[in-house]
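Not measured: the values here are computed from a predicted model.
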Amino acid sequence: MKKWMTLGLTLLLVFALSACGSKSNNNTTNNSASSGGTSTGAGGTQDIKVTATNFQFEPAEIKVKKGDKVKITLVNKEGAHGLEIPDFKVNLQKDGSAEFTADAAGEHEFHCSVMCGAGHDNMVGKIIVE
């Protein structure tokens, strides 16, 4: 009985850690210096590319102007990750894009929305709406 429990726990651990081991490449947007995007000013549009690797986002801090329309694109370079921005009702479960309007000033957290292993809870970033 103990042997089967140990085997089951080992398989569960391997499965949980393997979620961050897959590879995927998809480059679809451009980067700018401060936020990983291109802006046209207050009320403009920003195209932002966020790259996910094992347990971090790049960029981890994004700045936009209040009223900007934002197109955010997630690219998994290492592992399988998602990107959720609860304040703007965005939840990408894999590579792809979502659009929202940055209509609330302040700092808004984003985090990985796909369980990706031991560093999952620390995989966070923020969007600063000025």
Side-chain angles (χ1 to χ4, degrees):
M1 183 70 163
K2 232 180 191 184
K3 184 170 133 180
W4 289 109
M5 271 172 81
T6 302
L7 179 61
L9 288 173
T10 301
L11 288 174
L12 182 62
L13 180 62
V14 167
F15 176 73
L17 292 176
S18 69
C20 284
S22 68
K23 298 277 184 190
S24 179
N25 290 319
N26 182 10
N27 297 316
T28 58
T29 59
N30 298 324
N31 284 342
S32 74
S34 67
S35 66
T38 305
S39 177
T40 58
T45 300
Q46 287 221 24
D47 290 321
I48 299 169
K49 178 177 127 182
V50 177
T51 302
T53 58
N54 281 337
F55 316 128
Q56 69 179 9
F57 289 112
E58 180 63 38
E61 184 176 288
I62 299 166
K63 292 183 181 178
V64 298
K65 300 287 185 199
K66 185 174 179 181
D68 278 356
K69 182 177 179 184
V70 178
K71 178 181 178 185
I72 192 160
T73 301
L74 175 64
V75 177
N76 281 285
K77 285 220 172 181
E78 181 180 33
H81 306 284
L83 187 144
E84 182 174 19
I85 313 165
D87 292 348
F88 296 112
K89 297 179 179 30
V90 169
N91 191 355
L92 298 169
Q93 293 288 309
K94 57 183 179 178
D95 289 355
S97 298
E99 294 185 17
F100 64 94
T101 300
D103 55 4
E107 293 186 3
H108 306 274
E109 180 181 281
F110 61 89
H111 59 267
C112 182
S113 59
V114 173
M115 178 46 107
C116 59
H120 174 75
D121 290 338
N122 298 321
M123 195 168 171
V124 297
K126 65 182 169 182
I127 295 177
I128 301 168
V129 180
E130 301 174 322

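The distance from atom CG of Leu83 to atom CG of Leu92, rounded to the nearest 0.5 Å, is 6.0 Å. In this structure, Glu99 CD and Ile72 CD1 are separated by 11.5 Å, a value rounded to the nearest 0.5 Å. Rounding to the nearest 0.5 Å gives a distance of 5.0 Å between CG of Leu74 and CG of Asn76. In this structure, NZ on Lys66 lies 7.5 Å from CG on Asp103, to the nearest 0.5 angstrom. Between the CG atom in Asp68 and the OG1 atom in Thr101 there is a gap of 9.0 Å [rounded to 0.5 Å]. Taken from CD in Glu109 to CD1 in Ile127, the straight-line distance is 10.5 Å, to the nearest 0.5 Å.
By the 4.5 Å heavy-atom criterion applied to side chains, Phe55 and Cys112 are not counted as neighbours. A heavy-atom distance below 4.5 Å is not found between the side chains of Asp47 and Lys49. Counting heavy atoms from C-beta outward, Phe88 and Val129 have side chains that approach closer than 4.5 Å. Residues Ile48 and Val64 have side chains in contact (heavy-atom distance under 4.5 Å, counting atoms from C-beta outward). For the pair Gln93 and Val114, the minimum side-chain heavy-atom distance is below 4.5 Å.
At a threshold of 4.0 Å, the pair Lys126-Glu61 counts as salt-bridged, since one of the basic side-chain nitrogens sits closer than that to a carboxylate oxygen. Taking a cutoff of 4.0 Å between a charged side-chain nitrogen and a carboxylate oxygen, Lys65 and Glu130 qualify as a salt bridge.
For the residue pair Asn54/His81, the side-chain donor-acceptor check at 3.5 Å is satisfied.
Between Thr73 and Ser97, the shortest heavy-atom distance links the atoms OG1-OG, 2.7 Å. Between Asp87 and Glu107, the shortest heavy-atom distance links the atoms OD2-O, 4.4 Å. Nearest heavy-atom pair, Lys63 versus Gln46, reported as atom, atom and distance to 0.1 Å: O-NE2, 3.4 Å. The shortest non-hydrogen separation linking Ala98 to Val90 is CB-CG1, 3.8 Å.
In the hydrophobic clustering of ILVMFWY residues, with side-chain heavy atoms under 4.5 Å counting as a link, Phe100 and Ile62 come out together.
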